[in-house]
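Below is one structure; the comments refer to it alone.
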There are 2 protein chains.
Amino acid sequence: MSSGDFKHDIFAQFARVGKALGNGNRLEIMEFLAQGERSVDDLAGIAGLTVANTSQHLQQLRQAGLVASRKQGLKVYYRLSSNEVIDLLRSLRGVAERHLAEVDRLVNSYLAVKDNLEPVPRAELLTRAREGLVTVIDVRPTEEYAAGHVPGAVNIPLSELEGHLDRFEPGQQIVAYCRGPYCVLAFDAVEKLRARGYQAWRLEEGFPEWQTAGLPVERNK
Amino acid sequence: MSSGDFKHDIFAQFARVGKALGNGNRLEIMEFLAQGERSVDDLAGIAGLTVANTSQHLQQLRQAGLVASRKQGLKVYYRLSSNEVIDLLRSLRGVAERHLAEVDRLVNSYLAVKDNLEPVPRAELLTRAREGLVTVIDVRPTEEYAAGHVPGAVNIPLSELEGHLDRFEPGQQIVAYCRGPYCVLAFDAVEKLRARGYQAWRLEEGFPEWQTAGLPVERNK
DNA sequence: CTACTATTCAAGTATTCTATTGAATTAAAT
DNA sequence: ATTTAATTCAATAGAATACTTGAATAGTAG
C-alpha cells in the first residue's frame with residue numbers, strides 16, 4: 001500500500017469533519033449544543049429549520065464525530081461529543097474573525113457603537129467581581145442558567161430585563177454574558193442597560209468558553 | 001438589522017471557513033504549506049493535482065482566509081495566513097482522531113504495516129541518544145521545532161532534507177520524528193534517508209505524544 | 001388496541017462543488 | 001517584439017449537498 005493512498009484516505013477522513021463544519025445551520029446548531037443537551041425539536045425551533053432537516057444535519061454531525069446522542073422516552077437528546085469540539089469551533093471562529101474582513105464588517109454594522117461595547121476579559125471579570133465592583137448578569141433563558149453559570153451571576157433572561165431594572169442602583173456597573181462571542185443576547189442587554197444610564201459591558205465570549213477555560217462553574221441544585 | 005439576520009450572516013461566514021476545510025486535497029495542500037511557502041506548481045506536484053485545479057483550491061483557501069500569497073517573478077508563493085490556522089488544523093485532526101473509528105482503522109492498517117521497519121520506542125530513543133549512538137532529527141517546520149522539541153534533536157524540515165545530507169556520516173544511524181502517528185513527514189524522511197544508504201528509523205508516534213508522556217522537552221530561547 | 005408524539009427515512013429538485021480542458025494573463029528571457 | 005513559463009480564468013459535465021415533502025418507525029398514554 002503506497003503512502004499516497006494512505007494520505008489520500010486519511011485526509012478524506014479529516015475532510016469529513018471539515019465538510020460537517022461547512023454549513024451555517026450546522027454551526028448554529030453546535031453553538032446551542034455547546035450549552036448542553038438539546039432535543040431535535042428544540043434545535044429545530046431555535047435554528048428556524050424543519051424537524052426533518054434538523055435531524056438530517058444532526059446525523060451529518062454525528063457521522064463526523066462532532067455530536068453524540070441518547071434516547072430518553074420519545075425524545076433524542078444531542079450533545080457535543082467532547083470539549084475538543086468546543087476548541088475546534090473556537091479555532092474556526094478565531095480564524096474567521098482574524099482573516100475575514102466580512103466578519104468584522106458584520107459585527108461593526110450590527111452594533112455601530114462597537115467602541116463603547118469593548119468586552120470585558122474573563123480574567124478581569126473574576127477580579128472585579130471578587131472586589132464587589134460589578135454585578136454579573138446571565139441573560140440566557142432560565143434552563144440554560146440552571147445547567148451551569150458563572151458563580152455569583154444573577155439570571156435575568158433578556159426578555160425579562162425591562163421588568164427587573166429596579167434591581168440595579170443608578171450608575172451601577174453591570175457585566176452581561178450569554179452563549180458565546182456571537183450570541184446577541186448580551187449585546188442587546190448591554191444596549192438596553194446603557195440606554196437606561198447604567199454602566200454596562202459584555203463579557204468577552206460566553207458561558208461555554210468560560211467553562212472550557214476551566215473557570216469555576218456554579219449549578220442550581 | 002434584526003439579530004436573526006446577524007446570526008444567519010455571521011454563521012454563514014464561519015461556514016465559509018468550514019467549507020474550505022471540507023476537501024481532502026485542500027487539507028493536504030495546507031499540510032504542505034505548514035512546512036513553509038510553496039509555489040502553485042510545487043503544490044500541484046506534491047498533491048498529485050493539475051496546476052489549474054490546485055490554483056482553484058488555493059483561491060478557495062484564500063477566500064476563506066486560510067492562506068495568503070505573494071508574487072515573486074513568475075511564481076506565486078502561498079503560505080498559511082497565520083499560526084492560528086495551524087491550531088485550527090490541529091483541532092480538526094484531534095477531533096477526527098478521537099471520534100472517527102475510521103481514522104484509527106486507517107492508521108493501524110496502512111501505517112502500522114509499513115512501520116514493521118522497526119519503529120523506535122520512545123524509551124529506547126532516550127537511551128541510545130544519550131550514548132551518542134543515533135542522531136535525532138526533527139523534520140517539522142522550524143516554527144514548530146522552536147516551540148518545543150526532543151532534547152538534542154536537530155531541526156531539518158523535510159523540505160530541506162535533500163540539501164542537508166552532507167551533515168550525516170555514511171552509515172550513520174538516524175531517527176526521525178514529526179507530529180504524530182499519522183504525520184507522514186518522518187516516514188518520508190526515513191524513506192529518503194534509506195534510499196541514500198543511511199540507517200534510518202521513525203520514532204514511534206511524534207512530538208505531541210513525547211511531550212504528553214512527560215518526557216523532557218527543549219525549547220529555543 | 002388505538003391515538004399521538006418525536007424522530008428518522010426516502011425520494012425529488014434546485015443548487016453548489018469538483019475536476020478537466022483550453023484559452024487568457026502576467027512577468028521574465030531572448 | 002517575440003517567446004516561454006507560471007498562474008489564473010472560463011466553460012463544462014458529473015457528483016454531492018440542502019431543503020422539502022410525505023411516509024415509516026419507535027416509544028408513550030389512554
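None of the values given here were measured: they were computed from a predicted structure. Just so it is clear: chains get the letters A, B, ... in the order the sequence lines come, proteins before strands, and each one is counted from 1.
- Within the structure, every side-chain polar atom (N or O) of A:Tyr78 is placed at least 4.0 Å from both OP1 and OP2 of C:dA6.
- Residues B:Glu97 and B:Val103 come closest through the heavy atom pair CA-CG1, 4.2 Å.
- Between B:His149 and B:Tyr145, the angle of the ring planes stays under 30°, which puts this pair in the parallel group of the 30/60° scheme.
- Judged purely by distance below 3.5 Å, without hydrogens or angles, the side chains of A:Ser69 and A:Arg62 pair a donor atom with an acceptor atom.
- Side-chain atoms of B:Arg79 do not come within 3.5 Å of backbone N or O of B:Glu37 as any donor-acceptor pair.
- Distances shown here put every side-chain N or O of A:Ser55 at or beyond 4.0 Å from the OP1 or OP2 atom of C:dT7.
- Although no hydrogens or angles enter the test, the distance criterion places a donor-acceptor pair under 3.5 Å between the side chain of A:Ser81 and the main chain of A:Gly65.
- Contacts between residues 57-65 of chain A and DNA chain D, defined by a heavy-atom separation under 4.0 Å, are made by A:His57, A:Gln60.
- With sequence neighbours excluded, the residues forming a salt bridge (charged side-chain N to carboxylate O under 4.0 Å, His left out) with A:Glu209 are A:Arg93, listed by chain and number.
- Checking side-chain atoms of B:Gln56 against main-chain N and O of B:Ala52 turns up no donor-acceptor pair under 3.5 Å.
- Looking at A:Trp210, its side chain does come within 3.5 Å of a backbone N or O of A:Pro216 through a donor-acceptor pair.
- Here the side chains of B:Asp87 and A:Val95 are not in contact, with every heavy-atom distance at 4.5 Å or above.
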What are the atom names and distances for every N/O pair under 3.5 Å that joins the protein to nucleotides 10-13 of chain C?
residue	atom	partner	partner atom	Å
C:dA10	N6	A:Gln56	NE2	3.3

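- B:Asp41 comes within 4.0 angstrom of sugar-phosphate atoms only, judged by non-hydrogen atoms across all strands, and of no base.
- A salt bridge links A:Arg179 to A:Glu144: at least one charged side-chain nitrogen sits closer than 4.0 Å to a carboxylate oxygen.
- Bounding nucleotides for the chain A contact on DNA chain D, 5' to 3', at a heavy-atom distance below 4.0 Å, are D:dT17 to D:dT28.
- Side-chain contact check for A:Arg16 and A:Gln63: no donor-acceptor pair (N or O, by modelled atom type) lies under 3.5 Å.
- The residue A:Thr54 sits apart from the nucleic acid: no heavy atom pair falls under 4.0 Å.
- The closest donor-acceptor contact from the side chain of B:Gln172 to the backbone of B:Glu169 lies under 3.5 Å.
- Although no hydrogens or angles enter the test, the distance criterion places no donor-acceptor pair under 3.5 Å between the side chain of B:Ser55 and the main chain of B:Val51.
- A donor-acceptor pair under 3.5 Å links the side-chain atoms of B:Tyr198 to the main chain of B:Leu165, judged by distance alone.
- When atom types are taken as modelled, the side chain of B:Asp138 and the backbone of B:Val154 share no donor-acceptor pair closer than 3.5 angstrom.
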List, with names and distances, any nitrogen or oxygen atoms from the protein found under 3.5 Å away from nitrogen or oxygen atoms belonging to nucleotides 27-30 of chain C.
none

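- DNA chain C is contacted by no residue of residues 19-29 of chain A, taking any non-hydrogen atom closer than 4.0 Å.
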